[in-house]
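Before any comments, here is the structure.
Values below: every heavy atom of this structure, side chains too, minus hydrogens, waters and symmetry copies. Letters go in sequence order (proteins before strands), and every chain restarts at 1.
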Amino acid sequence: MNDALKIGILFSTTGPYGSMGRDARDGADFAMAEYAGVEGLAIEPVFFDPHADLAAYLDGARHLLRAGCRHIVGTITSAARKEVIPLVEKHDSLLWYMCPYEGFEANENVIYVGGCPNQHLLPLFEHLIPRYGARPYLVGANYVWGWEMNRLARELITNAGGEVLGERYLPLEETAVERIVAEIAQRRPSFILNNLIGPSSYAFLEAIKALGNRDPAFRAENCPVVSCDLMECELDDIAAGAAAGQLCAASYFDSIATPENAAFKARVTERHGAERRVSSVFASAYTAVRLCVDAIVAAGDDEPDAVRRELYNRSWPTLFGALSIDRETNHAALPFHLGRINADNGFDVVASRPPLAADPYLTGRNRQALPRLRVVS
Amino acid sequence: MRETPNFTGWQATVLHREDGNTEKLIRQLRLLGIHATLQWAPLSAAALPDLVIVDADQGWDDLLPWNGETPACPVVALLGSEAPGRIAWALGQGAGAIIAKPIATSAVYPALVMAVSIHQERKATAEKLQYLEERVRLRPLVHAAVEKLQAARGIDEESAYAILRNCAMRRRLPMEQIAAFILAGAEPLPEAG
């Protein structure tokens with residue numbers, strides 16, 4: 001390849017999920033920096049920041065494609081991904097999406113490196129129901145992620161013979177959580193599924209902490225707040241100690257004890273300092289860029305079809321362990337980890353599962369579609 | 001929607017000439033757990049799949065075995081044309097959803113969910129309608145049975161009707177059927193209460 005290989009990076013570094021966007025961008029940037037010293041490989045990242053304006057994602061994708069990028073790593077919300085996909089399809093390029101999402105999508109022009117519900121929500125409930133019971137309260141951001149995660153949660157709970165004690169939504173960036181917390185205090189659920197994002201989520205965790213101080217039944221060890229999208233880079237935005245003890249599902253935590261992660265963190269420390277914790281979005285963006293570039297190099301071409309073929313044909317050494325992409329769904333098989341927030345604003349891993357193949361439409365291609373979870377306690 | 005729709009193990013027949021669209025469609029069906037076969041010949045009424053996806057741009061009237069009648073399984077139309085005649089043809093075949101051509105893979109799952117749901121709704125409505133038609137048809141029997149009860153017991157119409165209705169409720173049978181028994185003399189006249 002004589003010309004520089006251009007890779008588009010599309011993240012919003014401001015707005016309700018700005019801290020995730022900034023970390024994602026840093027992760028992508030870090031991967032790019034690692035390639036900088038590789039002889040014979042010239043990569044030119046092209047960044048675009050839509051500043052959380054949905055319409056600007058389309059402009060951004062157009063800008064990146066016109067600049068000669070055939071591969072775009074990015075978007076965090078499903079709304080932004082859906083905005084970009086038609087253009088990516090039209091230009092026969094590839095979108096590398098790296099966030100956990102609500103599933104029910106498998107596009108040929110998207111490589112999914114984040115997880116779908118059978119990789120996060122299902123194992124999460126399999127862990128929670130026997131330990132805490134099947135009477136959760138569901139909260140979510142008022143858009144498709146919150147709606148669909150809670151719909152699935154309700155189905156899992158119904159199948160388990162449990163009962164959803166409440167389901168409430170907040171607009172993005174809404175921090176008035178008092179009414180929801182009052183209802184939770186009154187209904188006394190066995191756990192709380194939190195699909196809020198950004199400032200809403202932080203305010204909610206702080207209010208639940210205050211509730212737990214008044215009533216021990218709502219302390220994290222008795223009635224945990226569990227999330228599928230909370231990460232290290234957000235914990236500093238939450239009042240000190242407010243989220244300690246709460247749970248989160250992810251495919252990566254900074255604290256995961258593998259030689260690959262130790263080596264990775266040592267390299268991150270060199271660049272960002274020892275204080276910097278690696279979040280799952282940093283790790284996923286990094287991994288998406290690495291996969292993308294390595295597959296292009298292996299294919300000897302950035303033509304999407306050649307890259308896809310190369311991608312399917314082997315398993316790739318990554319931060320998540322050996323990672324494979326399913327040729328039917330274009331989704332990565334991902335490990336499941338459950339983290340408990342510690343007093344030090346990190347996650348202690350309390351449960352893990354080896355990589356689970358993605359089942360975006362919950363067809364039960366790998367296991368029973370929606371398991372009938374058993375309540376033990 | 002409470003239950004996540006699941007098509008795993010379904011058989012689908014795609015009635016379309018093989019092209020890039022069908023390739024994309026069948027790939028998407030496969031990842032939904034559906035086994036799809038492609039043919040461009042009339043569908044046999046003897047071996048019906050769980051689901052039919054039909055080319056409404058080129059389709060002709062004998063392609064589907066239920067020409068104009070209620071479809072025996074859910075139907076999705078593939079449509080590139082905007083011509084009212086082709087849309088009418090799709091409707092005439094009982095299509096419950098349309099997937100526009102060229103096919104966007106994201107259109108497939110929603111169309112299947114919608115077509116299956118509409119098919120079930122239509123079936124339930126048709127069954128209900130048939131049941132109600134039967135009852136309307138047999139209404140004169142009820143009337144005649146009420147008259148017979150009135151005459152036999154020397155009671156007014158309202159009381160006779162109440163006896164008949166209570167009897168039907170007790171035996172968990174439609175009133176029309178009880179009325180038929182009574183008129184046929186197949187059983188003794190029911191008592192009040």
Contact between A/Arg151 and B/Thr4 at the side-chain level, heavy atoms closer than 4.5 Å - yes or no?
yes
How far apart are the closest heavy atoms of B/Arg27 and A/Arg327, and which atoms are they?
NH2-O, 3.2 Å
Between B/Thr105 and A/Asn107 (side chain of the first, backbone of the second, donor and acceptor by atom type, cut-off under 3.5 Å), is there such a pair?
no
Counting neighbours of CD on B/Glu23 that are heavy atoms of other residues, nucleotides or ligands and sit closer than 6.0 Å, is the number greater than 12?
no
Salt bridge or not between B/Arg30 and A/Glu328? Use side-chain N to carboxylate O under 4.0 Å.
yes
Heavy atoms from other residues, nucleotides or ligands near CD of B/Glu18 exceed 12 (cutoff 6.0 Å)
no
Less than 4.5 Å apart, any side-chain heavy atom of B/Leu31 and any of A/Tyr361?
yes
Give, for atom OG1 of A/Thr363 and atom OH of B/Tyr109, the distance between the pair rounded to the nearest 0.5 Å.
9.5 Å
Quick one: closest heavy-atom pair of A/Leu362 and B/Asn6, and the distance?
O-ND2, 3.4 Å
